[in-house]
Amino acid sequence: MIKSALHILSFLLFSSVFIGLNAQTSIPTTRTAKGKLLAPELNEISGLIASDLYPGSFWMHNDSGDKSRLFLVDSIGQLLQTVNLEGIIAIDMEDIAKVELQGKTYIVLADIGDNRGVRSSIKLYKFEEPKWDTSSKKQIELAKENIEVITLNYDGPARDAEAIFIDPISKNFYLISKREFQSALYTANIFNGDKQHQLKKLLSFPFTFVTAADISPTGNAVLIKNLTQVYFYPRDPKEKVEQSLSKPFRNMQYDPEPQGEAISFSKDGKSFFTVSERPFGLDSYLYQYKTSKPNP
């Protein structure tokens with residue numbers, strides 16, 4: 001993705017400041033390469049979430065330029081199945097989240113990218129977690145009538161965003177902007193049955209260029225990622241997410257990837273995973289990070 005010199009400069013300045021401020025308090029991790037993404041379809045992975053139906057596997061998707069589809073990928077990076085979304089036109093899919101509602105797991109695919117800040121609205125696509133049809137070919141189609149389209153608007157100018165997550169406790173939806181000088185947290189009550197929602201700004205972060213985020217399965221921790229850092233926020237389940245995110249963070253020890261834009265907790269919440277795009281033909285790996293400090 002093409003990034004303006006101003007945005008890159010502000011990102012590097014903020015990164016250098018907070019690397020220095022938090023170096024002594026970084027949480028140590030151990031990184032393991034689980035496998036290389038060899039399937040040619042997996043060329044610009046921007047979103048990653050652990051599957052509930054198939055433990056150890058992940059749902060992934062590409063960003064701008066790809067079709068409306070997502071991929072089921074196993075624990076060593078092998079493509080198991082492609083799910084095409086019927087009747088959906090992708091603009092810039094940037095992140096993916098999940099939520100349990102009425103005892104079922106739903107996927108929320110976020111078409112929220114807007115590099116130039118010109119989109120009048122952005123879209124979420126909500127559907128029940130697809131079943132892996134082991135008897136079929138590598139591709140299946142999710143019928144249009146099984147996809148709920150949710151429209152979001154900002155309270156003010158359009159913004160670029162690449163990160164969403166859904167609190168498993170409150171079911172509140174959160175979005176984090178990318179290209180503002182300080183990335184900002186927004187929310188909307190997307191599960192009240194309405195088809196259109198206005199995003200409400202809650203707070204600004206002391207960093208920028210956020211490319212991904214996830215919340216632990218129990219809701220007790222949030223990870224926010226940009227290109228060089230992973231920020232860890234412990235969360236008291238009695239608090240609202242925005243209260244926890246207004247407090248100091250700690251850095252997770254992280255080895256930057258070539259345009260790494262995706263992060264997910266494992267299904268059990270005991271580790272986290274990252275994966276990158278393939279800029280300039282570089283290889284992309286599924287990495288697992290384990291920490292010696294358990295989540296609170």
Side-chain angles (χ1 to χ4, degrees), residues 37 39-75 77-113 119 121-152 161-166 168 171 173 175 188 190-197 212 214 217 261-265 267 273 275 277 286:
L37 274 59
E41 298 96 323
L42 307 175
N43 60 349
E44 286 194 44
I45 296 299
S46 184
L48 171 73
I49 198 73
S51 168
D52 275 1
L53 291 179
Y54 310 105
S57 296
F58 299 86
W59 292 104
M60 303 182 185
H61 65 86
N62 292 321
D63 61 10
S64 60
D66 197 21
K67 305 172 186 177
S68 297
R69 58 183 180 174
L70 66 159
F71 310 101
L72 182 63
V73 178
D74 70 13
S75 60
Q78 295 182 327
L79 176 60
L80 301 176
Q81 193 146 61
T82 300
V83 180
N84 297 296
L85 277 56
E86 180 189 19
I88 302 300
I89 299 175
I91 297 177
D92 193 355
M93 302 287 190
E94 287 291 357
D95 205 4
I96 188 170
K98 64 182 178 182
V99 62
E100 183 177 320
L101 300 170
Q102 291 82 49
K104 297 181 179 179
T105 298
Y106 287 84
I107 298 295
V108 176
L109 186 59
D111 193 338
I112 57 175
R119 296 177 66 176
S121 63
I122 51 180
K123 305 286 186 182
L124 304 175
Y125 301 105
K126 172 186 164 234
F127 45 88
E128 193 174 337
E129 180 174 359
K131 304 296 192 298
W132 177 21
D133 187 353
T134 57
S135 66
S136 75
K137 296 181 180 179
K138 287 288 187 178
Q139 296 199 34
I140 62 173
E141 187 169 273
L142 183 63
K144 184 177 181 179
E145 57 265 27
N146 295 326
I147 305 170
E148 180 181 351
V149 182
I150 301 169
T151 301
L152 301 176
E162 294 190 3
I164 66 167
F165 63 94
I166 301 167
K171 314 301 181 184
F173 167 85
L175 175 149
I190 67 170
F191 301 123
N192 66 357
D194 293 339
K195 301 300 182 184
Q196 186 155 335
H197 302 266
D214 197 22
E261 294 192 1
I263 196 167
S264 172
F265 276 100
K267 185 175 173 6
F273 289 79
V275 70
E277 297 186 10
L286 178 65

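Side-chain contact check for Gln139 and Asn84: at least one donor-acceptor pair (N or O, by modelled atom type) lies under 3.5 Å.
In this structure the side chain of Val83 never reaches within 4.5 angstrom of the side chain of Phe127, judged on heavy atoms. A 4.5 Å side-chain heavy-atom check between Lys126 and Val99 finds every atom pair outside the cut-off.
Closest approach of Ile89 and Tyr125 over heavy atoms only: O-OH, 4.1 Å. The shortest non-hydrogen separation linking Leu286 to Met60 is CD1-CE, 4.1 Å. Smallest separation of non-hydrogen atoms from Ala262 and Leu48: CB-CB, 3.7 Å. Heavy-atom minimum distance, Ile147 versus Glu86: CD1-O, 4.0 Å. When every heavy atom of Ile112 is checked against every heavy atom of Ile122, the shortest pair comes out as CG2-CD1, 3.7 Å. Taking every heavy atom of both residues into account, Ser264 and Asp214 meet most closely at CA-OD2, 3.4 Å.
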Could you go through the side-chain contact (heavy atoms from CB on, under 4.5 Å) check for Lys171 and Glu100 one step at a time?
CA-CA 8 Å; Lys171 314 301 181 184; Glu100 183 177 320; 4.2 Å; yes

Under the side chain to side chain donor-acceptor pair (under 3.5 Å) criterion, do Asp133 and Gln81 qualify, and how do the steps go?
CA-CA 8 Å; Asp133 187 353; Gln81 193 146 61; 5.7 Å; no

Intermediate values then yes/no, side-chain contact (heavy atoms from CB on, under 4.5 Å), Asp63 and Met93:
CA-CA 5 Å; Asp63 61 10; Met93 302 287 190; 5.6 Å; no

Test side-chain contact (heavy atoms from CB on, under 4.5 Å) applied to Thr82 and Lys138, step by step:
CA-CA 6 Å; Thr82 300; Lys138 287 288 187 178; 5.6 Å; no

Taking it one step at a time, do Thr105 and Leu53 satisfy side-chain contact (heavy atoms from CB on, under 4.5 Å)?
CA-CA 8 Å; Thr105 298; Leu53 291 179; 5.8 Å; no

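Between the Asp111 side chain and the Ile91 main chain, a donor and an acceptor come within less than 3.5 Å of each other. Counting only distance, with no hydrogens or angles, the side chain of Asp95 and the backbone of Ile164 share a donor-acceptor pair below 3.5 Å. Formation of a donor-acceptor pair under 3.5 Å by the Lys98 side chain with backbone atoms of Ala50 is found in this model. For the pair Ser51 (side chain) and Trp59 (backbone), a donor-acceptor distance under 3.5 Å is absent. Side-chain N or O atoms of Tyr54 include one that pairs as donor or acceptor with a backbone N or O of Trp132 at under 3.5 Å. Side chain of Lys67 to backbone of Ile88: no donor-acceptor contact under 3.5 angstrom is found.
Atom-to-atom distance recorded for Ser57:OG and Gln78:CD is 10.0 Å, nearest 0.5 angstrom. Going from atom CG of Leu80 over to atom CG of Leu72 covers 4.5 Å, rounded to the nearest 0.5 Å. The distance from the CG atom of Asp194 to the OG1 atom of Thr151 is 11.0 Å, given to the nearest 0.5 Å. With rounding to the nearest 0.5 angstrom, the CD1 atom of Ile96 is 5.0 Å from the CD1 atom of Ile107. Expressed to the nearest 0.5 Å, how far CZ of Phe173 lies from CG of Leu124 amounts to 4.5 Å. Put simply, CD1 on Ile49 and CZ on Phe58 are 9.5 Å apart, with the number rounded to the nearest 0.5 Å.
Open room surrounds NZ on Lys144; 12 or fewer heavy atoms of other groups in view lie less than 6.0 Å from it.
Under the side chain to side chain donor-acceptor pair (under 3.5 Å) criterion, Ser75 pairs with no residue, sequence neighbours left out. The side-chain contact (heavy atoms from CB on, under 4.5 Å) search around Asn62 returns Asn43, Glu44, Ile45, Asp66, Arg69, Phe71, not counting sequence neighbours.
Put simply, the residue from Glu94, Glu277, His61 that forms a side-chain hydrogen bond (donor to acceptor under 3.5 Å, both in side chains) with Ser46 is Glu94.
Classification of Lys195 and Glu148 as a salt-bridged pair holds, one side-chain N sitting under 4.0 Å from a carboxylate O.
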